[in-house]
Amino acid sequence: QVQLVESGGGSVQAGGSLRLSCAASGYGLSNYYMGWFRQTPGKEREGVAAIDRGGSTSYADSVKGRFSVSRDNTKNTLYLQMNSLKPEDTAMYYCAADWKYGGLWYLVPKYDYWGQGTQVTVSS
């Protein structure tokens with residue numbers, strides 16, 4: 001089992017940057033496929049980015065070229081570097097871990113463990 005805690009959220013103006021972190025404790029991060037999701041009130045949680053155990057990444061079209069996901073297994077930490085932020089990026093951001101293999105990276109049911117979320121607010 002793994003526990004996940006996100007940090008790094010905050011308020012920023014459009015065009016700015018933030019780096020989110022997701023600290024894992026318990027079973028080592030290297031054992032998991034990891035994802036970042038976001039959610040706004042009244043909307044479904046949507047996949048933002050993911051990274052597999054070997055470091056291969058996937059991104060939603062809306063963030064390609066602006067966001068970058070990475071992992072440091074020695075620090076048991078997942079990151080999401082967010083650049084050129086837009087007001088539509090405003091959401092609660094969650095990290096998630098999947099110990100299984102297979103499944104589509106952007107589907108919520110794929111993941112077994114979730115953090116509590118960190119709020120990102122981008123003003124115009």
message: Test: side chain to side chain donor-acceptor pair (under 3.5 Å). Region: residues 8-22. Which pairs qualify, not counting sequence neighbours?
response: S17-N83
query: Should M34 and D52 count as side-chain neighbours, where that means a heavy-atom distance under 4.5 Å?
result: no
- request: Using the side-chain contact (heavy atoms from CB on, under 4.5 Å) rule, take R71 and T77 through it: C-alpha gap first, then chi angles, then the decisive distance, then the call.
  value: CA-CA 6 Å; R71 62 194 298 163; T77 303; over 6 Å; no
- prompt: Nearest heavy-atom pair of L104 and K110: which atoms, and what distance?
  reply: O-CD, 3.3 Å
message: The criterion is side chain to side chain donor-acceptor pair (under 3.5 Å); which residues satisfy it with E88, sequence neighbours excluded?
response: none
field: Y93 and F67 aromatic ring geometry - parallel, tilted or perpendicular at 30°/60° bounds
entry: tilted
task: Please tell me if the side chains of L4 and E6 come closer than 4.5 Å, counting only heavy atoms from C-beta onward.
output: no
message: Contact between T40 and T90 at the side-chain level, heavy atoms closer than 4.5 Å - yes or no?
response: no
- line: Quick note, ring pair (Phe, Tyr, Trp, His ring centres under 6.0 Å) partners involving residues 34-65, not counting sequence neighbours, are F37-Y111, F37-W114
Student check: side-chain heavy atoms of L85 and L18 closer than 4.5 Å: yes
message: Is there a side-chain contact between E44 and E46 in this structure, where contact means two heavy atoms from C-beta onward sitting under 4.5 Å apart?
response: no
query: How close do G9 and T118 get, heavy atom to heavy atom, and via which atoms?
result: N-OG1, 3.1 Å
- line: Taken in chain and number order and not counting sequence neighbours, the residues that satisfy side chain to side chain donor-acceptor pair (under 3.5 Å) with S124 are none
- prompt: Under a 4.5 Å cut-off applied to non-hydrogen side-chain atoms, are W99 and Y33 in contact?
  reply: no
query: L20, V122: one ILVMFWY side-chain cluster at the under-4.5 Å cut-off?
result: yes
- prompt: Do the side chains of V108 and Y94 join up, straight or via other hydrophobic residues, at under 4.5 Å, putting them in one cluster?
  reply: yes
- prompt: Does K100 NZ have over 12 foreign heavy atoms under 6.0 Å away?
  reply: yes
field: Joint cluster assignment, Y106 & M92, ILVMFWY side-chain distance < 4.5 Å
entry: yes
task: Report the residues that fulfil side chain to side chain donor-acceptor pair (under 3.5 Å) with D89, sequence neighbours left out, ordered by chain and then residue number.
output: R38, R66
- request: Just jot down the side chain to side chain donor-acceptor pair (under 3.5 Å) partners of S7, sequence neighbours excluded, or say none.
  value: none
- prompt: Is the closest side-chain heavy-atom distance between M82 and V120 below 4.5 Å?
  reply: yes
message: Could you check whether atom OH of Y27 has more than 12 heavy atoms from other residues, nucleotides or ligands sitting under 6.0 Å from it?
response: no
task: Check W105 against A50 and note the closest heavy-atom contact, atom names and distance.
output: CE3-CB, 3.6 Å
